[in-house]
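All remarks here apply to the structure that follows.
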Amino acid sequence: MNNRPITEDDLHAYVDDVLEPERRAEVGSYLADHPDVAKRVAGFADQRELLRAALAPIADEPLPPELNLSRIVEGRRRRSPPAWWAIAAMLLLSVGGFGGWVMRGSLEAPPGGLAALAQEAAYSYNVYAPDRIRPVEVRASDTTQFVQWISSRLNRPVKVPDLASSGYRLMGGRLVATQHGPAAMFMYDDDHGSRVVVLTRPMSSADQNAPMTAQSNGGATGFAWADDGIGYSLVGPAPLNSLKAIANEVRRQARAI
């Protein structure tokens with residue numbers, strides 16, 4: 001048995017019977033120890049069978065003639081071929097446009113340092129915070145196992161900040177990919193349903209330590225900083241003065257690792 005956490009993807013793959021035997025055994029053992037999750041997975045299986053039963057008549061219907069592959073191919077053969085000069089012109093325009101786009105990318109240097117970290121945190125917030133079904137990969141109840149796994153992936157000890165004093169509860173977290181390597185994302189919510197995200201990852205050799213600065217990306221605001229080679233970024237919808245107090249608490253706890 002390995003220490004990789006059981007995720008929502010594992011649970012759905014378990015229902016669909018597409019897991020490797022070893023992983024399926026691990027999920028089965030996990031469900032035996034977590035009856036509440038096992039009940040939810042049983043509900044997934046029931047929904048799957050209901051969908052199969054509902055869609056079975058449609059699946060058994062013959063393919064419409066207009067979607068028959070041989071008829072599609074024959075129809076295309078009967079069409080008159082396009083003029084070669086038109087094809088050549090289209091190719092020239094495509095190559096020119098693509099070349100210009102490539103040159104545009106080469107002239108715009110990607111952000112680095114805290115700016116890159118803050119942008120990554122904003123992207124994660126904008127993608128996962130609005131999700132009301134599966135915003136996190138690993139729930140708060142499995143935090144200990146998740147921290148062990150994420151620490152091994154980042155090759156650094158990771159501590160989950162406790163933001164209860166700021167009115168936020170840990171929902172869980174996930175491993176996210178960035179242009180600068182893997183990062184750990186932790187998500188929190190308060191009694192009003194407002195969510196904040198903390199993103200942390202190792203920084204480059206040039207950004208080992210950086211003071212806390214306010215950041216704004218894609219409608220998400222917050223703060224980013226780096227201590228001893230680890231970068232942190234907190235983003236959310238709250239006013240900057242409220243977020244700064246939370247960011248200071250995250251930094252205080254992180255420095256105690």
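Keep in mind that the numbers below use all heavy atoms, side chains included, and drop hydrogens, waters and symmetry copies. Since the structure is predicted, the reported quantities are computational estimates derived from the model, not experimental observations.
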Are R255 and D228 ion-paired here, with the side-chain N under 4.0 Å from a carboxylate O?
no

Between R23 and D10, is there a salt bridge with N-O shorter than 4.0 Å?
yes

Ignoring hydrogens and geometry, is there a side-chain-to-backbone donor-acceptor pair from D16 to V18 under 3.5 Å?
no

Is the closest basic N to carboxylate O distance between D190 and R195 below 4.0 Å?
no

Looking at side-chain heavy atoms only, is the closest gap between V15 and V41 below 4.5 Å?
yes

Is the side chain of S151 donor-acceptor paired with the backbone N or O of Q148 at a distance under 3.5 Å, no angle test?
no

Does a side-chain N-to-carboxylate-O contact under 4.0 Å join D227 and R251?
no

Classify the ring geometry between F146 and W149 as parallel (under 30°), tilted (30 to 60°) or perpendicular (over 60°).
tilted

Using modelled atom types and a 3.5 Å cut-off, is there a donor and acceptor pairing between side-chain atoms of S233 and backbone atoms of A121?
no

Option among V160, L163, D189 that satisfies the side chain to side chain contact (heavy atoms under 4.5 Å, CB included) test with L170
V160

Any side-chain heavy-atom pair of L117 and M203 under 4.5 Å:
yes

For D142 and Y30, does a side-chain donor sit closer than 3.5 Å to a side-chain acceptor?
yes

Can you list the steps and then say if T213 with Q215 is a side-chain hydrogen bond (donor to acceptor under 3.5 Å, both in side chains)?
CA-CA 6 Å; T213 58; Q215 303 283 341; 2.9 Å; yes

Single-linkage hydrophobic cluster Y232~F223, side-chain heavy atoms < 4.5 angstrom
yes

Would R174 pass as a cation-pi partner of Y128, given that its NZ or CZ must be under 6.0 Å from the six-membered ring centre and within 45 degrees of the axis?
yes

